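Within every chain, numbering begins at 1; the chains are lettered A, B, ... in the order of the sequence lines, protein sequences first and strands thereafter. Note that the structure is a prediction, hence the values are computed from the model and not measured.
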2 protein chains.
Amino acid sequence: MTQTVEPAVEPAIEPAIEPATEPPTEPPTSTEPSGGEGQRVATQWLERFESALRARDVRAATDCFATTSFWRDLVSFTWNLVTVEDRSGVADLLEHNLERTDPTGFTTAEPADLADGVVTAWIEFETAVGRGRGLLRLVEEEGEWRAWTLLTTLHELKGHEEPRGLRRPPGAEHGARKDRTTWAERRQQEAESLGSTEQPAVLVVGGGQGGIALGARLRQLGVPSLVIDKHPRPGDQWRSRYKSLCLHDPVWYDHLPYLKFPDNWPVFAPKDKIADWLESYTKVMEVPYWSSTVATSASWSEETQEWTVEIEREGTPLTLRPKQLVLATGMSGKPNLPSFPGQDVFRGDQHHSSAHPGPDAYAGKKVVVVGSNNSAFDICGALWEHGADVTMVQRSSTHIVKSGSLMEHGLGDLYSERALEAGVTTEKADLIFASLPYRIMHEFQIPAYQAMAEDDKDFYERLERAGFRHDWGDDGSGLFMKYLRRGSGYYIDVGAAELVADGEVKLAHGQVDHLTEDSVVLEDGTELPADLVVYATGYGSMNGWAADLISQEVADRVGKVWGLGSDTTKDPGPWEGEQRNMWKPTQQPGLWFHGGNLHQSRHYSLYLALQLKARHEGLDTPVYALQEVHHLS
Amino acid sequence: MTQTVEPAVEPAIEPAIEPATEPPTEPPTSTEPSGGEGQRVATQWLERFESALRARDVRAATDCFATTSFWRDLVSFTWNLVTVEDRSGVADLLEHNLERTDPTGFTTAEPADLADGVVTAWIEFETAVGRGRGLLRLVEEEGEWRAWTLLTTLHELKGHEEPRGLRRPPGAEHGARKDRTTWAERRQQEAESLGSTEQPAVLVVGGGQGGIALGARLRQLGVPSLVIDKHPRPGDQWRSRYKSLCLHDPVWYDHLPYLKFPDNWPVFAPKDKIADWLESYTKVMEVPYWSSTVATSASWSEETQEWTVEIEREGTPLTLRPKQLVLATGMSGKPNLPSFPGQDVFRGDQHHSSAHPGPDAYAGKKVVVVGSNNSAFDICGALWEHGADVTMVQRSSTHIVKSGSLMEHGLGDLYSERALEAGVTTEKADLIFASLPYRIMHEFQIPAYQAMAEDDKDFYERLERAGFRHDWGDDGSGLFMKYLRRGSGYYIDVGAAELVADGEVKLAHGQVDHLTEDSVVLEDGTELPADLVVYATGYGSMNGWAADLISQEVADRVGKVWGLGSDTTKDPGPWEGEQRNMWKPTQQPGLWFHGGNLHQSRHYSLYLALQLKARHEGLDTPVYALQEVHHLS
């Protein structure tokens with residue numbers, strides 16, 4: 001209960017996807033001139049669909065979908081993040097939401113495209129309360145064009161449009177008046193009243209990229225909010241990590257909302273540079289942000305429908321009473337610190353990877369790193385560079401891809417200079433990406449990883465010869481599916497895997513049995529001398545943060561966070577269709593989880609912010625298909 | 001010699017222009033589909049022009065121009081900012097520069113447009129050392145399409161392309177190496193060596209928007225540079241001004257290089273907000289910037305071809321030896337502090353407008369503001385808002401336009417949401433704007449101001465009834481021409497003019513004769529009681545900075561800075577064709593002047609930076625038409 005929440009910000013993982021403009025079996029090879037057949041087909045479909053919706057004819061609307069089909073809705077119909085499948089799913093979604101949503105005005109936002117039997121159309125529409133954007137893919141079935149995938153997203157709430165572009169604020173207040181207050185004075189007043197005379201409607205715990213991006217969106221939407229973080233300055237979540245850390249994601253994938261990185265920004269930003277950016281961004285976007293502030297406990301009152309959150313701001317206790325509480329403390333959750341016999345007698349240093357201070361103190365020392373995923377490799381690499389004698393203990397197989405290959409085969413079509421040149425803006429890329437149903441996403445991933453396996457054949461052979469146990473995921477779908485399903489089990493090689501392949505970083509296999517005064521002993525009896533043991537043993541589910549801050553009861557009520565229910569390793573079924581509990585209502589009223597890589601922080605913060613805004617404005621927000629709980633952690 | 005240079009940053013003035021796609025007499029009313037006749041004409045002209053240039057046939061190249069024509073070159077042909085006129089000017093430019101420039105590869109960058117008898121074409125070309133961009137306008141004369149205006153600009157130097165977009169830096173250094181230094185370590189090393197073991201090639205004195213924008217460009221170009229400023233933090237040039245100050249220019253006009261304001265940025269940013277932006281920008285763009293640093297003296301050595309600049313950094317003396325010295329201390333130059341009998345006996349406060357601390361201390365006090373331009377109005381307005389009893393002393397007539405009208409009629413076609421929607425990016429707007437020859441610019445301005453006069457008829461009548469002496473510039477061309485010609489004589493009304501029109505701020509006329517212990521006495525005997533006298537009496541020429549920092553001799557060698565030689569009030573002839581001494585070589589080797597509003601700081605910093613880069617790389621940079629000196633101040 002008094003455990004402070006640690007805003008752990010993890011370097012994140014890229015999706016390896018092909019923009020799916022084709023049905024699963026046929027890659028597209030040509031496009032027609034715009035405004036032709038594709039546009040005609042899309043327009044007709046939209047007219048037919050809208051007509052059915054207007055008539056509240058669920059059967060007719062459902063008939064617009066193919067037998068195998070996916071409708072993903074982000075807040076616009078469901079006040080939730082939901083993917084329904086096939087006609088039965090579509091029918092259920094409509095039966096529960098159609099009347100209230102009152103969708104109208106479906107149009108194409110630009111000329112639709114027909115390629116290889118798939119019509120792809122950017123669409124716009126309205127609902128009773130908002131305006132939406134989406135992406136539609138139609139295929140021919142039984143001589144009729146039917147929806148294969150439909151993405152609908154809420155873009156803005158009517159009457160609560162963001163002050164941007166034509167709606168941007170005037171800034172200067174022209175004219176002369178004797179009661180004028182300036183921007184600086186208003187900012188000062190706001191800073192003084194927040195948390196004392198004015199309660200934040202939303203409290204965001206954790207001020208990494210996730211909390212900052214959400215804070216910026218809430219600020220734009222006029223929702224009184226506060227982001228708190230334990231570190232002294234925004235960006236310290238990155239600054240405090242090991243010194244050679246750079247983002248593992250490329251720049252095109254990493255933009256924050258509203259303010260893109262300039263075009264001289266490095267492909268893989270060094271940690272201190274991204275930290276400075278986050279700090280400047282927080283200031284420029286006027287995100288209400290309290291540094292050096294920890295939340296020590298929180299409780300929900302059914303009666304008042306608000307939280308009581310105890311915090312310490314620069315050591316001074318304070319009670320906040322927000323209506324909504326967002327945990328943005330890192331999708332990796334709390335560190336898993338394993339328990340081994342002999343940890344109490346070991347005389348060297350030992351700590352979880354998240355607490356690793358960097359290599360500086362360990363030149364010439366013997367280091368055992370338990371684990372073989374991202375953190376393990378990063379730490380092994382930095383220790384080796386500083387002259388430590390490093391052994392990695394691989395406990396289970398790991399998936400590795402080379403950073404350049406991932407950029408080339410995984411991200412390039414959506415997030416690259418090439419994509420921008422082809423008109424795929426960040427905003428479009430985010431929607432294309434969001435339009436790919438999780439159910440079939442692995443099918444698009446597998447070929448990309450097959451291509452990487454081919455390109456980097458020599459690398460994988462060398463790794464194997466060094467004894468490294470490598471895998472490509474349960475179904476060969478690679479890194480991004482592992483990220484979505486379990487958030488672990490991979491490494492994006494930026495150099496350290498070569499050290500293992502070359503034998504520069506030594507490799508051991510198996511489970512740790514116990515520690516002695518000066519070594520780690522594996523189950524097969526192998527004894528690894530050690531001055532330092534790093535437990536790169538991963539993280540628990542994010543609801544662990546809720547257990548610490550609120551209660552185990554609430555953590556259990558919410559259940560496991562992250563993962564798709566894919567029934568693959570560390571992602572047990574049943575199938576969820578969406579990432580569990582992320583950016584969407586949970587079984588605990590007023591409790592939300594936000595996090596992920598920079599891409600997710602950018603894109604999903606919009607939908608979370610709109611959900612919070614709707615509640616702040618008192619809109620009716622009945623949640624369709626509220627997250628069910630199948631696993632506690 | 002020991003006078004410190006004050007980086008005075010002035011709020012700036014917008015151009016009131018119509019994008020000229022027409023010959024002077026005919027406004028365009030229609031456009032053809034792209035890729036048609038206009039493109040054919042442009043391509044043919046470019047082929048003919050290039051063929052003549054390749055043959056070094058000056059006569060044939062000159063024949064490509066109309067009898068009345070203007071060629072503006074920004075660095076690409078002339079290593080200078082030069083506008084030549086008519087065929088004789090074109091011939092002279094070519095005779096002096098053609099062989100060395102070796103221009104080739106003229107193409108249209110996008111389909112040319114034909115409207116109302118003018119073909120407008122965006123062009124690209126190469127020279128021996130660089131790549132250029134430009135804008136060409138052709139008119140029919142004697143049955144032949146000939147150039148009416150040609151803008152050629154140097155965009156980048158071959159082999160010194162900026163690391164942007166596809167050339168952006170990798171950031172992470174993949175692989176493992178034991179001698180790795182991180183970004184933060186390199187930044188630290190650089191900070192420690194700059195000015196001690198490493199001399200800046202370029203020293204920029206003054207760290208307002210001008211110095212910062214130039215610093216960012218030099219950083220990008222890899223020129224070792226240093227920007228120094230007397231204030232404690234970047235942005236303090238704005239923070240330290242009166243509290244109600246907002247930019248008088250709208251956001252679309254104000255972007256800095258590389259990093260645009262986000263689309264939620266206010267139209268007229270409050271001073272503290274723009275200050276925070278400049279501070280963040282300086283950090284994000286990694287501009288080498290020393291705060292709390294003043295330059296106390298500078299001298300040029302003909303022998304070593306470098307400057308010796310004495311500075312004080314946080315009070316500690318230090319000597320710098322840059323090759324190039326840029327004065328970016330404010331285009332307004334040094335304050336003109338008038339001398340009146342009785343200033344020594346006056347018992348109240350008196351100061352120049354640039355030293356005005358703001359209105360807070362003057363509630364209920366009697367204030368006389370001498371002057372009736374921008375500063376005078378801003379200060380009168382703020383004092384009135386704080387309950388002072390304010391009298392403005394108008395010494396000569398002033399030009400006033402309402403901010404909204406200026407946006408509508410002056411800027412809207414180039415810098416607005418409307419312009420962006422029409423595809424006129426900031427970069428395009430800057431080039432369109434730069435393509436309008438100064439010689440005829442007033443002709444395009446006059447109608448815009450006539451429209452404002454009509455729109456705001458009631459306002460001007462009220463001003464007149466209040467006794468205010470109003471003018472529209474010597475030739476009715478309004479505010480922007482006044483800005484370019486003399487940098488004074490106007491006010492963009494954001495409210496204070498209404499106070500004068502309403503009599504809330506009192507108005508007196510005439511010259512100050514003397515001060516008494518407690519009043520200002522005008523030549524006609526009018527006595528104005530005063531607790532405070534503000535001298536809003538303008539600024540001198542920027543070469544005054546050089547007099548203070550270097551010597552009167554060097555200031556006189558350089559001569560007057562700013563102005564066009566239009567032979568209008570405060571801008572004596574002869575005609576220059578460009579702004580005197582701005583962003584271009586001066587008669588003093590290694591001395592440059594940079595400044596102006598945010599638009600000018602953004603756009604012209606590119607050409608200044610390229611000139612400095614070329615010199616840093618040792619390229620041959622023979623200057624065509626070096627600035628002549630006709631006036632000393």
- request: Using side-chain contact (heavy atoms from CB on, under 4.5 Å) as the criterion, point out the one residue from A:E162, A:R219, A:R164 that pairs with B:N264.
  value: A:R164

field: Minimum heavy-atom distance B:V284-A:S280, with the two atoms named
entry: CG2-OG, 3.9 Å

statement: On a heavy-atom basis, the closest approach of B:P270 and A:G171 is CD-CA, 4.4 Å

query: A:A172, A:G381, A:P163: which one forms the most heavy-atom pairs within less than 4.5 Å of chain B?
result: A:A172

message: Given heavy-atom pairs under 4.5 angstrom as the criterion, report whether the side chain, backbone, both or neither of B:E504 touches chain A.
response: neither

statement: Honestly, the part of B:Q220 sitting under 4.5 Å from a heavy atom of chain A is side chain

field: chain A contact via B:W265 - side chain, backbone, both or neither, heavy atoms under 4.5 Å
entry: both

task: Tell me, for B:K283 versus chain A, whether the close heavy atoms (under 4.5 Å) come from the side chain, the backbone, both or neither.
output: side chain

- request: Under the side chain to side chain donor-acceptor pair (under 3.5 Å) rule, collect the residues that match up with A:K260, sequence neighbours excluded.
  value: A:E427

task: State, with a plain yes or no, whether a side-chain heavy atom of B:K273 is found less than 4.5 Å away from one of A:R187.
output: no

query: What is the minimum heavy-atom distance between A:H174 and B:S403, and which atoms define it?
result: CE1-OG, 3.2 Å

- request: Considering only heavy atoms and a distance below 4.5 Å, find which of B:W384, B:W277, B:Y258 pairs most often with chain A.
  value: B:W384

- prompt: For A:E421, is it the side chain, the backbone, both or neither that has a heavy atom under 4.5 Å from a heavy atom of chain B?
  reply: neither

- request: Identify which part of A:E279 has an atom lying under 4.5 Å from any heavy atom of chain B, answering side chain, backbone, both or neither.
  value: side chain

field: B:L499 portion near chain A, given a 4.5 angstrom heavy-atom threshold
entry: side chain

- prompt: Heavy-atom distance under 4.5 Å to chain B: side chain of A:E286, backbone, both or neither?
  reply: side chain

- prompt: Nearest heavy-atom pair of A:P262 and B:R168: which atoms, and what distance?
  reply: O-NH1, 3.7 Å

message: I'd like to verify something: which residue of A:G495, A:P266, A:A184 has the highest number of heavy-atom pairs under 4.5 Å with chain B?
response: A:P266

- prompt: Of the listed residues (B:E185, B:R167, B:H386), which shares the most heavy-atom pairs with chain A below a 4.5 Å separation?
  reply: B:E185

message: If the contact rule is any heavy atom under 4.5 Å from chain A, which residues of residues 175-183 of chain B qualify, in numerical order?
response: B:G175, B:A176, B:R177, B:K178, B:R180, B:T182, B:W183

